[in-house]
Amino acid sequence: MVQLKKKLSAQRRVKSIPPIAGAVEMPETDILVITSDGVRIPAHSKILASATPVLENIIETPQKHRRSTAAKKISIPGVPYDAVAAFIQFLYSSKCTEEDMEKYGIHLLALSHVYSVPQLKQKCTTGLAKRVNVENVVDVLQLARLCDAPDLSLKCMKLLSNDFKTVEKTEGWKFVQNHDPYLELEILQFIDEAEKRKKRAMRHRKEQSLYMQLSEAMDCLEHICSEGCTSVGPYDMDVTKHKGPCGKFSVCQGIQHLIKHFGACKKRVNGGCSRCNRMWQLFKLHSSMCDQPDECRVPLCRQFKLKAQQNRRGNDTRWKLLVRKVVSAKAMSSLSLTKREPRMAMDNRGVKL
């Protein structure tokens with residue numbers, strides 16, 4: 001009677017995976033996959049062996065104390081039955097439903113890594129990256145490190161860095177603090193490096209903005225001194241004739257005010273005026289960038305060029321770097337302008353049509 005109960009109990013604990021849609025009739029199963037809660041899932045050894053080299057090695061290894069007529073057994077412990085069923089279903093069909101990914105994505109990632117199923121591992125990495133949040137990011141990060149999933153690990157690290165104040169209140173972070181100091185240190189170092197990168201990027205953007213402004217100032221200075229703009233122009237031009245503002249009048253107007261002040265200021269000779277010193281620097285910067293000093297109409301261009309040639313040994317390295325940066329910004333500006341003009345022309349043609 002006891003043996004009969006055991007036999008019936010064992011039969012009840014054998015569960016088959018759902019049939020695959022569109023599949024042809026399969027032969028009888030010849031292997032049992034045993035889950036951690038003792039449930040047995042019948043399967044086909046050839047299909048499992050062809051899907052993963054790890055299971056192939058297990059299947060081909062002779063099992064001790066097994067009758068020749070008895071089915072082979074493979075134990076997959078540590079994950080719930082439904083996750084194992086979803087894993088075996090993928091080995092048969094190479095498909096994983098969104099519902100299974102939502103419920104068992106973490107388990108499937110672990111199984112795909114342990115049993116070397118790269119296609120499932122890629123699906124799990126992508127699926128978990130979409131579903132990671134501040135509540136589970138620490139757990140997913142730990143699993144990603146164990147399963148050698150660098151893309152998922154980086155995704156988790158970025159989320160930790162962007163919302164660390166919220167993450168540090170979670171149970172997962174408290175567990176890491178108490179049990180994994182190396183991971184805690186790695187996370188904090190990543191956050192520190194991310195902050196440094198942000199500061200460097202911000203400083204770089206500010207520098208590029210300054211170089212671009214100086215490049216525009218050089219264009220406006222040449223424009224004013226050669227063509228004139230509104231009421232300021234070359235000495236041989238009749239400034240009484242009104243000339244309309246240029247396209248960069250916001251910058252050009254500031255240069256005009258500096259030029260007017262420079263021409264009337266009495267302190268500039270002794271270097272006591274900050275606005276005049278700024279104008280001197282703009283003249284010097286233009287001269288450093290100008291490649292036609294003999295024909296240039298910007299005041300003091302040729303004089304600054306000659307002075308720079310005489311004092312070549314004493315040239316300031318920082319000044320050379322500034323000139324290089326402004327020249328580069330000017331080149332980038334002209335390049336972006338040439339790319340923008342064909343698009344504007346195409347847009348205009350489209351409007352006319």
Side-chain angles (χ1 to χ4, degrees), residues 1-128 130-131 136 139-140 143-144 146-149 152:
M1 188 68 179
V2 175
Q3 291 180 349
L4 180 60
K5 287 182 178 180
K6 290 182 178 179
K7 186 175 182 181
L8 292 174
S9 176
Q11 289 177 351
R12 281 194 296 268
R13 295 184 66 80
V14 176
K15 295 185 180 180
S16 301
I17 60 174
I20 303 168
V24 297
E25 186 176 351
M26 302 287 289
E28 292 187 6
T29 59
D30 59 349
I31 195 167
L32 292 174
V33 179
I34 305 175
T35 63
S36 57
D37 48 3
V39 178
R40 301 180 178 187
I41 304 174
H44 301 85
S45 59
K46 290 185 178 180
I47 294 178
L48 300 186
S50 63
T52 157
V54 177
L55 288 180
E56 180 185 15
N57 186 43
I58 295 174
I59 291 169
E60 291 180 353
T61 302
Q63 296 181 351
K64 296 181 179 180
H65 309 296
R66 184 178 72 86
R67 297 176 183 177
S68 58
T69 56
K72 287 186 177 182
K73 298 177 184 178
I74 296 177
S75 178
I76 301 183
V79 294
Y81 157 77
D82 291 324
V84 178
F87 175 65
I88 295 176
Q89 188 77 22
F90 183 87
L91 298 183
Y92 273 77
S93 64
S94 297
K95 295 179 180 179
C96 182
T97 64
E98 289 295 322
E99 182 181 359
D100 287 338
M101 185 61 64
E102 184 72 32
K103 292 181 178 178
Y104 314 113
I106 290 178
H107 303 295
L108 291 174
L109 176 60
L111 290 172
S112 66
H113 176 70
V114 171
Y115 293 100
S116 298
V117 187
Q119 188 178 358
L120 177 59
K121 187 174 182 179
Q122 181 62 38
K123 287 181 178 292
C124 292
T125 301
T126 305
L128 289 174
K130 295 177 181 178
R131 293 169 174 83
N136 64 6
D139 297 330
V140 176
L143 180 64
L146 291 173
C147 295
D148 190 23
L152 182 58

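Heads up: numbering here begins at 1 and tracks the sequence.
From Leu120, atom CG reaches atom CG of Leu91 across 7.5 Å, with rounding to the nearest 0.5 Å. One finds the CG atom of Asp100 at 8.0 Å from the CD atom of Gln89 (value rounded to the nearest 0.5 Å). If you take OH on Tyr115 and CG on Leu48, they are separated by 10.5 Å, rounding to the nearest 0.5 Å. For the atom pair CE of Met101 and OG1 of Thr126, the computed distance is 8.5 Å after rounding to the nearest 0.5 Å. In this structure, CG in Leu128 is found 11.5 Å from CG in Asp139, a value given to the nearest 0.5 Å. Interatomic distance, Leu143 CG to Cys124 SG, rounded to the nearest 0.5 Å: 9.5 Å.
Considering all non-hydrogen atoms of both residues, Ala110 and Cys147 come closest at CA-SG, 3.9 Å. Looking at every heavy atom in both residues, Ser36 comes nearest to Pro77 through CB-CA, 3.9 Å. For the pair Lys73 and Ile31, the tightest heavy-atom approach, listed with the atom from each and the gap, is N-CG1, 4.3 Å. Nearest heavy-atom pair across Leu146 and His113 is O-NE2, 3.5 Å.
Although no hydrogens or angles enter the test, the distance criterion places no donor-acceptor pair under 3.5 Å between the side chain of Thr29 and the main chain of His44. In terms of modelled atom types and a separation under 3.5 Å, the side chain of Lys121 and the main chain of Leu109 share no donor-acceptor contact. Side-chain N or O atoms of Ser50 include one that pairs as donor or acceptor with a backbone N or O of Ile47 at under 3.5 Å.
With contacts defined as side-chain heavy-atom distances shorter than 4.5 Å, the pair Val54/Asn57 does not qualify. At least one side-chain heavy atom of Pro80 sits less than 4.5 Å from a side-chain heavy atom of His107.
Note: Phe87 and Tyr104 fail the aromatic proximity criterion, with ring centroids not under 6.0 Å apart.
A salt bridge is absent between Lys130 and Glu98: the closest approach of a Lys/Arg side-chain nitrogen to an acidic carboxylate oxygen does not fall below 4.0 angstrom.
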*Report the C-alpha distance between Ile74 and Leu32 in whole Å, list the side-chain angles of each, state the deciding distance to 0.1 Å, and finish with yes or no for side-chain contact (heavy atoms from CB on, under 4.5 Å).*
CA-CA 6 Å; Ile74 296 177; Leu32 292 174; over 6 Å; no
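Of the options Ile41, Leu111, Ile34, Thr35, a side-chain contact (heavy atoms from CB on, under 4.5 Å) to Ile76 is made by Leu111 and by none of the others.
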